[in-house]
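Here is the structure we will look at.
Because the structure is predicted, anything quoted here is derived from the model rather than measured. Computed from heavy atoms alone, side chains included, the values below leave out hydrogens, waters and symmetry copies.
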Amino acid sequence: MQEIYQSIGQLIRQKRKEKHWTQEHAADLAEVSTQYFSRIERGVVQPSLELLYKISNILECSVYSILPADEPYQRSFLSEEITYRLSHCSAEQKQFIVNFIGWYLAQPNFDRSFQNEEIRPL
């Protein structure tokens, strides 16, 4: 599992360097310490999905562009993130989420052309 975070870190480093930014500058924009940003780039820590969205936003790229392109890694990462988020939900919240997913998937005329679009946290 550690290799996925190393891949994410390498992609973040690549995007940061394309902008000719220092780690310190990127860390300031992401509102984390320079040391923590360095640890993200080295794959030593496991940043939350929320932080990855924030980093992709400051790097002006899709969050998907900082996730490894190999689908098993993406599936694994997203599954772990969903599991983590659900573990902090009440039974009522979990039931709402399940109902919403069922409703969403049942929409016959729903335009899913945006499925590959990035969803930004509020």
Would a single hydrophobic cluster contain both F100 and V98, if residues Ile, Leu, Val, Met, Phe, Trp and Tyr are joined by side-chain heavy-atom contacts under 4.5 Å?
no
Test of understanding: clusters of I, L, V, M, F, W, Y form through side-chain heavy atoms closer than 4.5 Å, transitively. Do I66 and Y64 belong to the same one?
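Yes, I66 connects to Y64 through the hydrophobic network.
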Ignoring hydrogens and angles, tell me if any N or O in the side chain of E31 forms a donor-acceptor pair with the backbone of A27 under 3.5 Å.
no
With a 3.5 Å distance limit and no angle check, can you tell me whether S7 reaches the backbone of E3 through a side-chain donor-acceptor pair?
yes
Quick one: do R85 and E50 satisfy side-chain contact (heavy atoms from CB on, under 4.5 Å)? Show the steps, please.
CA-CA 11 Å; R85 297 284 177 146; E50 182 179 355; 3.8 Å; yes
Which residues share a side-chain hydrogen bond (donor to acceptor under 3.5 Å, both in side chains) with [X], sequence neighbours left out:
| X | value |
| --- | --- |
| R16 | E41 |
| E92 | none |
| Q95 | N99 |

Check: [Y] and [X] side chains under 4.5 Å, non-hydrogen atoms:
| X | Y | value |
| --- | --- | --- |
| Q14 | Q10 | no |
| I55 | I40 | yes |
| L51 | V32 | yes |
| I12 | K15 | no |

Residues forming a side-chain contact (heavy atoms from CB on, under 4.5 Å) with K94, sequence neighbours excluded:
L86, C89
Please list, chain by chain and in numerical order, all residues satisfying ring pair (Phe, Tyr, Trp, His ring centres under 6.0 Å) with Y84, sequence neighbours excluded.
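Testing Y84 for ring pair (Phe, Tyr, Trp, His ring centres under 6.0 Å), a comparison that skips the adjacent residues, returns H88.
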Pairs in or reaching into residues 25-44: which pass ring-ring contact (aromatic ring centres under 6.0 Å, His included), with residues at least two apart or in two chains?
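Applying ring-ring contact (aromatic ring centres under 6.0 Å, His included) to every pair that reaches into residues 25-44, excluding sequence neighbours, yields W21-H25.
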Less than 4.0 Å between a side-chain N and a carboxylate O, is that true for K19 and E60?
yes
Among C61, S62, S65, which residue satisfies the side chain to side chain contact (heavy atoms under 4.5 Å, CB included) criterion with S56?
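The side chain to side chain contact (heavy atoms under 4.5 Å, CB included) with S56 is passed solely by C61 among C61, S62, S65.
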With side-chain contact (heavy atoms from CB on, under 4.5 Å) as the criterion, how do I8 and L52 come out once you've worked through the C-alpha distance, each side chain's angles and the decisive distance to 0.1 Å?
CA-CA 9 Å; I8 290 169; L52 291 177; 3.9 Å; yes
Nearest 0.5 Å, please: how far is CD in Q23 from OG1 in T34?
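So the OG1 of T34 and the CD of Q23 are separated by 7.5 Å.
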Do you know the tightest heavy-atom contact between L29 and K54?
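Minimum heavy-atom separation between L29 and K54: O-CE, 4.5 Å.
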